[in-house]
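One-based numbering along the sequence shown.
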Amino acid sequence: MKYKALWMLVKMMAKNDPLYIVTLLLKSIIPGLGTLINVYVPSIFINQLIDPKPAYQFIKQIIILLIAKFVIECLTRWFNRLEFIRRKGVNEYISFEISKKAMDLTYFNIEDTKVLDMKEKATSAITFGQVHQLLFCLNDIIEGITVIVGTGLIIIGFSPYLVIFSLVISTLIILIDKNIASYSQEIDQEMISINRRFSYYFSLMAAAKFQKEIRAYDMGQMIEGKTSSFVDDIAIKFNDALSYEANFGSLKILLDSILRIVSYSYVAMRTLSTSYGPQISFGDFSAIIRANENFMTSFQKMFSESIEFSITLKNLEPLYEFMNLEVESEEGLYQASDFESLEFKNVSFAYPNSDRLILDNISFKINKGEKISIVGVNNAGKTTIVKLILRFFDVNKGEILYNGRNINEYQKESLYKKISAVLQDFAIMPFSIKENIIGTKDYDEEKIDQILNELELKERVDRLDKGLDTYLNKDIFEDATDFSLGQKQKLAIGRCLYQNPDFIILDEPTASLDPLAEAKIYENFNQMTTGKTAIFISHRMSSSRFTDKILILDEGKVKAFDSHNNLMKYDNIYSRLYKSQAKYYR
């Protein structure tokens, strides 16, 4: 799979910046050429001291070397800067593609812990520099090959046996490096899940929305304790990795010492006598020693980097898996027509990785223009019904019919043009007030003013210097404003109404509003939803009096589906809840 990950990465780089790979190649080869020139520099000066040549020849050699070094240095700096800029661009592009992929996934995947871990690992490839590391390794491998080829030709001309001996010892050193790197990679993989949990608890310490509870309930030590436990786990993993590396590192140092002693001794013997082959000059001694040193270093580094490249590439496998997660194809699906009816037929549903049925064989139907309330205690399945209507999840049994056709047969985008919802855990985006309300719709000043008036937000918005163009996130924009939770909920309702859907779903739409504001919303509700179908979900039984029918859920089953007046005639969950709440308002 890792080679598939490599191919995917190459295609992504080529798509984002076709010249990046060429730039990387040139950036890697040019320094290798500089290393080969450095091999001969000392030998020129040594030979000149021992066996002087005419001054003009010596000066000519020096000038050629200086020009070559200057050109290589300039090209190296230029390509380093160019590659750095292009690499940053590639990295940002991959980050963007990961985020884009996350938005394209089904809601089911977003709530799946396995997918969340996969996404975390894929993101880690960017945030922890795995892509950068992979490219650094590739750079060193190409540079190493350039040096090995050049210095290898020099050493083979001197003694093939020296090349063979250097290769054998260097291979043993490489195997040790591979063993250390494999162990480190295992530790890194084990630490990813630990890091995810550590990062989550660590973020709680500074997250604004948790600060009140942390202070009011003295939860600081509890969070600190949980965070510290993960710190201890991380420290243990690091200690294991470093101890393992230190033990095998000693053997590596021993082999490296043997390699240098033997090679240095052999070249010295060839310089002092002819016993082991043709005698060489002191200048050649310097060149061969430097060539052999560079050959050994580059050979070991090339294979070490190749191992690191392979391990780093394995760390990119989650990126490959995440980017290749199946995205729902809507090809051949129907466009949703104007709303006529919605029907649940014997629907059963349990959340992924859970055996508990949230909805158990429920059936009900809502027709065009009807307004219903869904009532039940906590965990009765009310919000789950909303998630199924919006196709965040698919039912396990039964079916949901939109205009008599299975809802899965419609394109989601067309469905969302007909159905709009204010979710219980609604989100206000870090956009302007106008952008939060209109979304992708065209701006209609009269329409937006009417909605703001009905929601009693017009005066609040008009007091702002930039009015509707005011941003809503002070963490990003200095001149932004901040709405109260109740005002944000009204804004979410306004966003829903502005879309002008046929079918509106309001899941706890007044939970953050005071009783007076709630009463005002309900007073205007019928006017705001004239000719539309609506579902109300609320813990406040007063909302049900504005609806035609009430669906009563208990333990995932439908207990009743009737009007307020009829349900109040006998003992049931709804009548008990209604009477229980009503007594506090007497």
Side-chain angles (χ1 to χ4, degrees), residues 2-35 71-105 118-146 181 184-185 188-189 191-192 195-196 199 202-203 301-302 304-325 430 473 475-478:
K2 62 184 179 182
Y3 297 109
K4 291 181 179 178
L6 177 61
W7 180 238
M8 181 195 71
L9 185 64
V10 170
K11 288 193 293 185
M12 291 176 77
M13 288 190 296
K15 183 177 179 180
N16 174 251
D17 186 352
L19 293 177
Y20 174 73
I21 296 175
V22 176
T23 303
L24 180 64
L25 285 171
L26 292 174
K27 183 224 174 194
S28 306
I29 292 172
I30 291 171
L33 298 177
T35 301
V71 171
I72 287 175
E73 184 65 24
C74 288
L75 288 174
T76 298
R77 289 174 178 270
W78 188 75
F79 276 107
N80 280 343
R81 185 170 64 253
L82 185 63
E83 189 273 337
F84 172 78
I85 294 170
R86 291 180 179 274
R87 174 161 39 87
K88 291 287 286 184
V90 167
N91 207 60
E92 293 300 322
Y93 173 76
I94 295 173
S95 297
F96 173 77
E97 287 296 310
I98 291 174
S99 300
K100 184 180 174 184
K101 181 69 177 184
M103 289 192 295
D104 290 340
L105 292 176
M118 191 187 300
K119 180 181 178 295
E120 179 68 21
K121 291 178 181 180
T123 306
S124 296
I126 306 299
T127 55
F128 293 139
Q130 296 294 331
V131 173
H132 286 289
Q133 182 62 30
L134 191 75
L135 296 172
F136 289 150
C137 291
L138 185 59
N139 174 85
D140 290 339
I141 291 169
I142 297 170
E143 183 178 341
I145 292 172
T146 305
S184 297
Q185 195 268 337
D188 288 343
Q189 287 297 313
M191 285 181 61
I192 286 176
N195 275 325
R196 182 169 71 87
S199 298
F202 183 76
S203 67
K301 185 177 181 180
M302 184 194 72
S304 294
E305 292 298 328
S306 296
I307 294 167
E308 184 67 25
F309 182 86
S310 178
I311 291 172
T312 305
L313 193 57
K314 188 170 182 61
N315 291 336
L316 291 182
E317 287 182 6
L319 175 61
Y320 172 80
E321 290 179 297
F322 181 73
M323 294 303 293
N324 283 278
L325 282 175
N473 192 312
D475 294 334
I476 303 175
F477 304 100
E478 294 178 0

Quick one: [atom1] on [X] to [atom2] on [Y], what's the gap to the nearest 0.5 Å?
{"X": "L25", "Y": "I30", "atom1": "CG", "atom2": "CD1", "result": "10.5 Å"}
{"X": "E305", "Y": "L134", "atom1": "CD", "atom2": "CG", "result": "10.5 Å"}
{"X": "K301", "Y": "C137", "atom1": "NZ", "atom2": "SG", "result": "10.0 Å"}
{"X": "E143", "Y": "M302", "atom1": "CD", "atom2": "CE", "result": "12.5 Å"}

**Asked** side chain to side chain contact (heavy atoms under 4.5 Å, CB included) between N324 and M8: does it pass, once the steps are laid out?
**Response** CA-CA 10 Å; N324 283 278; M8 181 195 71; 4.1 Å; yes
With the side chain counted from C-beta on, respond yes when [X] and [Y] share a heavy-atom pair under 4.5 Å apart, and no when they do not.
{"X": "L135", "Y": "M13", "result": "yes"}
{"X": "E92", "Y": "F96", "result": "no"}
{"X": "T146", "Y": "T35", "result": "no"}
{"X": "E83", "Y": "Y20", "result": "yes"}
{"X": "I29", "Y": "F79", "result": "no"}
{"X": "F136", "Y": "R87", "result": "yes"}

**Asked** When you look at E73 and R77, which way does the salt bridge (Lys or Arg N to Asp or Glu O under 4.0 Å) test go after all the steps?
**Response** CA-CA 6 Å; E73 184 65 24; R77 289 174 178 270; 3.0 Å; yes
For [X] and [Y], work out which heavy atoms get closest and say how close.
{"X": "R86", "Y": "L19", "value": "NH1-CB, 3.9 Å"}
{"X": "P31", "Y": "L26", "value": "CD-O, 4.5 Å"}
{"X": "N139", "Y": "S28", "value": "OD1-OG, 2.8 Å"}

**Prompt:** Step by step, would you call N16 with I94 a side chain to side chain contact (heavy atoms under 4.5 Å, CB included)?
**Reply:** CA-CA 9 Å; N16 174 251; I94 295 173; over 6 Å; no
**Request:** Run the numbers on L316 and L313 for side chain to side chain contact (heavy atoms under 4.5 Å, CB included), then give the verdict.
**Result:** CA-CA 5 Å; L316 291 182; L313 193 57; 4.2 Å; yes
**Asked** Does any N or O in the side chain of T123 come within less than 3.5 Å of the main-chain N or O of K119, such that one atom is a donor and the other an acceptor?
**Response**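 It does hold such a pair.
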**Item:** Worked verdict on K27 versus L82 for side chain to side chain contact (heavy atoms under 4.5 Å, CB included)
**Value:** CA-CA 9 Å; K27 183 224 174 194; L82 185 63; over 6 Å; no
**Asked** NZ of K101: more than 12 outside heavy atoms within 6.0 angstrom?
**Response**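 It does: K101 NZ has more than 12 such atoms within range.
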